2 protein chains.
Amino acid sequence: MIVEIDVEAPLPPYEQLRTQIAALIRTGELKEGVRLPSIRQLAGDLGLASGTVARAYRELESAGYLRGRVGHGTVVRAIPEMTDKERDTRLAEAARAYATAVRELGVDLDAALLAARRQLAG
Amino acid sequence: MIVEIDVEAPLPPYEQLRTQIAALIRTGELKEGVRLPSIRQLAGDLGLASGTVARAYRELESAGYLRGRVGHGTVVRAIPEMTDKERDTRLAEAARAYATAVRELGVDLDAALLAARRQLAG
DNA sequence: CTGAATGTATCAATATATTAATACACCAGG
DNA sequence: CCTGGTGTATTAATATATTGATACATTCAG
């Protein structure tokens, strides 16, 4: 599994890990049923404490991405379902944050949409 | 001046204050030359400590929105100039953050752009 | 049955962010 | 001159987030 942790980054390691694993599952690079490295294994590889990796796994399990069982290890589940309502809510939140940043920069609508399109495409 | 501080919000008070004042200046509700309430005055009104308001003012001064002088008070400056390069960089950053959130939600391009347009328009 | 490997849970330690308090230096007005 | 109001700077206190360490319970392999 390809994950990179940058301890200098503004995001804490457990959050970087969570995001990256979620992305790997979303994109299909990690398919349902695949077993992830054990907590201690991954912690050792990345130079993190077990608790840090455990936290990332735990949150991913709460979100439905993973399923961990004692003795078995941690396995990828199907990409979690999300109600339309929840997705809309979270999308609106993200869009609102983007809009706030755009306004503070004094960028006009078209430029803002173009920038978003570029990032979404790439 | 109309500002609202919600101590329950995830953003700390000094950041809420900074953002709101910046927005007021951006939108022209606070024009160049207008004198803001004194630090102690505003802190008293909002129920915050002087240091908290001072921090918001200080950061706004660094960004070029305000100009504070001892004895005079704090006054609105012109909307700060920003190089095209810097604006592009920060816009790209914001767009990238939005794109990351969108991908994690599994939303397609058109829906994401529509959501952004809605928030930017409103 | 035994042991090693697994995820889980809990707590202490640390770092960071944020706030609050205090003292300081400066300016305007009377 | 001097008093009250101003922003500035520094420091301590607090809260929060994050990590690290440890003990625990379960599972599988042999």
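Since we're looking at a predicted model, the values are computed, not measured. Computed from heavy atoms alone, side chains included, the values below leave out hydrogens, waters and symmetry copies. First the proteins, then the strands, lettered A, B, ... as listed; each starts at 1.
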First of Gly71(A) and Arg58(A) reached from the 5' end of DNA chain C, by closest nucleotide: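 Its nucleotide being nearer the 5' end, the pick is Gly71(A).
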On DNA chain C, compare the nucleotides closest to Gly51(A) and Arg35(A); which residue's is nearer the 5' end? Arg35(A)
Would you say the side chain of Leu91(B) lies within less than 4.5 Å of the side chain of Tyr98(A), judging by non-hydrogen atoms?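 Yes - at least one pair of side-chain heavy atoms lies under 4.5 Å apart.
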Minimum side-chain heavy-atom gap Leu48(A)-Tyr14(A) below 4.5 Å: no
Salt bridge between Asp88(A) and Lys85(A), side-chain N to carboxylate O under 4.0 Å?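 Salt bridge flag = no for Lys85(A) with Asp88(A).
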In plain terms, say whether Arg18(B) and Glu15(B) are close enough for a salt bridge, that is, a side-chain N and a carboxylate O under 4.0 Å apart.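 Salt bridge: yes.
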So does [X] get a side-chain nitrogen or oxygen closer than 4.0 Å to the phosphate oxygens (OP1/OP2) of [N]?
X: Ser38(A); N: dT6(C); value: yes
X: His72(B); N: dA28(C); value: yes
X: Thr52(B); N: dA20(C); value: yes

hbond_proxy Arg40(A) side chain to dG7(C) base (donor-acceptor, 3.5 Å cutoff):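 Such a pair is found, so the answer is yes.
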Length of the line joining [X]:[atom1] and [N]:[atom2], which is rounded to integer Å:
X: Leu60(B); N: dG7(D); atom1: CG; atom2: C1'; result: 14 Å
X: Leu11(A); N: dT16(C); atom1: CG; atom2: P; result: 15 Å
X: Arg55(A); N: dG7(C); atom1: CZ; atom2: P; result: 18 Å
X: Leu66(A); N: dG7(C); atom1: CG; atom2: C1'; result: 12 Å
X: Leu48(A); N: dA21(D); atom1: CG; atom2: C1'; result: 15 Å
X: Gln16(B); N: dA17(C); atom1: CD; atom2: P; result: 18 Å
X: Arg69(A); N: dC28(D); atom1: CZ; atom2: C1'; result: 12 Å
X: Leu46(B); N: dT19(C); atom1: CG; atom2: C1'; result: 15 Å

With sequence neighbours left out, which residue pairs that include part of residues 72-81 of chain A fulfil the side chain to side chain donor-acceptor pair (under 3.5 Å) condition?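 Qualifying pairs, neighbours excluded: Arg69(A)-His72(A).
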Looking only at dT8(D), dT18(C), dT19(D), the nucleotide nearest the Ile39(B) side chain is dT8(D)
Of the options dT8(D), dT8(C), dG20(D), whose atoms approach the side-chain atoms of Val70(A) most closely?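 Output: dT8(C).
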Ranking Gly73(B) and Tyr14(A) by the position along DNA chain D of their nearest nucleotide, the one closer to 5' is Gly73(B)
Pick the closest DNA chain D nucleotide for Ala54(B) and for Pro13(A) by heavy atoms, then say which residue is nearer the 5' end.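 Going by which nucleotide is closer to the 5' end, it is Ala54(B).
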Contact class for Glu61(B) (heavy atom, under 4.0 Å): base, sugar-phosphate, or nothing?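 Sugar-phosphate, no base atom in range.
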Does Thr74(B) reach a base, just sugar-phosphate, or nothing at all? Heavy atoms under 4.0 Å. sugar-phosphate
